[in-house]
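Only heavy atoms go into these numbers, but all of them, side chains included; no hydrogens, no water, no symmetry mates. Below, read A as the first sequence line, B as the second, and so on, with proteins coming before strands; counting in each chain starts at 1.
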There are 2 protein chains.
Amino acid sequence: MKHLVRTSRNLGHAIRQARKAKNLTQKELAAMSGVWQETISKIENGSGGTKLETVFDLIAALDLEITLTERSKGTSDGLEGIF
Amino acid sequence: MKHLVRTSRNLGHAIRQARKAKNLTQKELAAMSGVWQETISKIENGSGGTKLETVFDLIAALDLEITLTERSKGTSDGLEGIF
DNA sequence: ACAATTTATGATCCAGGGGTCATATGGAGT
DNA sequence: ACTCCATATGACCCCTGGATCATAAATTGT
């Protein structure tokens, strides 16, 4: 499972999916990440302007990692342009 | 070129490297991204708490992309990364 | 050394994120 | 229907990132 993240909305989706894949509630994730449930709700719904560190806390708790790559290669992932 | 990003400092490094790889000055990157040179300076030096949207602006201008992946593929351990 | 450019820093102002609590809405189960 | 849990939302305050301008420091070129 690989998420291309270009917007806050993308990020929210990815986080929600990852959380559900682990059968965690927002409250549980809040407890493990130190980010409040209310804040997680906002982020999952794509509220823009989230702070980086909050995202790092979340993805660390969800056992995800962020990779920064160049965007020229043809990815051939088949998931481009879905949204 | 692939950057694993876990902290704001990582992000700053990656952005600086990408910028230099393209022979851009902070001022030029500022002009292309809409983010101010002063802000870019802070971010490249790992100032925490940067906003997501600012990062998106920067990586878009630098032709980079963010990927969110799982760190360890759940069910079995130590088998990731074979391919 | 000097001048020019690049990067960093310092200050002010403002908008918005997140902590925090309370509450409302929604969904699953009985 | 009514609980119980999950998620969303509203309100408040505080804090800080970013815009903005000015300037200091560092780097580069000659």
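In this structure, NE2 on A:H13 lies 9.0 Å from OG1 on A:T7, to the nearest 0.5 angstrom. Here A:L64 contributes atom CG and B:R6 contributes atom CZ; the two are 11.5 Å apart, rounded to the nearest 0.5 Å. Between the CG atom in A:L68 and the CD1 atom in B:I15 there is a gap of 7.0 Å [rounded to 0.5 Å]. Within the model, atoms CD1 of B:I40 and CG of B:N45 stand 12.0 Å from one another, a figure rounded to the nearest 0.5 Å. Rounded to the nearest 0.5 angstrom, A:L29 CG and A:M32 CE are separated by 6.5 Å. Going from atom OG1 of B:T54 over to atom CD1 of B:I59 covers 11.5 Å, rounded to the nearest 0.5 Å.
Atom NE2 of B:H3 sits in a crowded spot, with more than 12 heavy atoms from other residues, nucleotides or ligands closer than 6.0 Å.
Here D:dT20 presents its C1' atom at 11 Å from NZ of B:K42, a figure rounded to the nearest Å.
For A:R9, the salt bridge (Lys or Arg N to Asp or Glu O under 4.0 Å) test picks out no residue, with sequence neighbours left out. When the side chain to side chain donor-acceptor pair (under 3.5 Å) test is applied to B:E44, the partners found at least two apart in sequence or on another chain are B:R16, B:R19, B:Q26.
The outermost nucleotides of DNA chain C lying under 4.0 Å from heavy atoms of chain B, listed 5' to 3', are C:dT6 to C:dT9.
Looking at residues 22-29 of chain B, you'll see B:T25, B:Q26 sit with a heavy atom under 4.0 Å from some atom of DNA chain C. Residues of residues 50-62 of chain B that place a heavy atom closer than 4.0 Å to DNA chain D, in numerical order, are B:T50, B:K51, B:T54.
Two residues are said to be in side-chain contact when any heavy atoms from C-beta on lie closer than 4.5 Å; B:W36 and B:S41 fail this criterion. Using a 4.5 Å heavy-atom cutoff, the side chains of B:L11 and B:V55 are in contact.
Between A:R16 and D:dA8 there is a side-chain N or O to OP1 or OP2 distance below 4.0 Å. In this model, the phosphate group of D:dG18 is not approached by any side-chain N or O of B:T39 to a distance below 4.0 Å at OP1 or OP2.
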Show the distances under 3.5 angstrom between N or O atoms of the protein and N or O atoms of nucleotides 22-30 of chain D.
| unit_1 | atom_1 | unit_2 | atom_2 | d |
| --- | --- | --- | --- | --- |
| D:dA22 | N6 | B:E38 | OE2 | 3.2 |

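Both A:L24 and A:V35 are part of a single hydrophobic cluster, where members link through side-chain heavy atoms under 4.5 Å apart.
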Pairs under 3.5 angstrom only: tabulate donor-acceptor contacts from the side chains of residues 46-53 of chain B to other protein residues two or more places apart or in another chain.
| unit_1 | atom_1 | unit_2 | atom_2 | d |
| --- | --- | --- | --- | --- |
| B:T50 | OG1 | B:S47 | O | 3.2 |
| B:E53 | OE2 | A:G49 | N | 3.4 |

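Note on the helix from C:dA1-D:dT30 to C:dA24-D:dT7: terminal axis deviation equals 70°, with five pairs used at each end and the result rounded to 10°.
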Subject >> side-chain contact (heavy atoms from CB on, under 4.5 Å) between B:I43 and B:L58, intermediate numbers included >> reply: CA-CA 10 Å; B:I43 291 176; B:L58 248 25; 3.9 Å; yes

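Along DNA chain D, the nucleotide nearest to A:N45 and the one nearest to B:G49 differ in position, and the one closer to the 5' end is contacted by A:N45.
Residue pairs meeting the salt bridge (charged side-chain N to carboxylate O under 4.0 Å, His left out) criterion with at least one partner in residues 20-35 of chain B, sequence neighbours excluded, do not occur; the list is empty.
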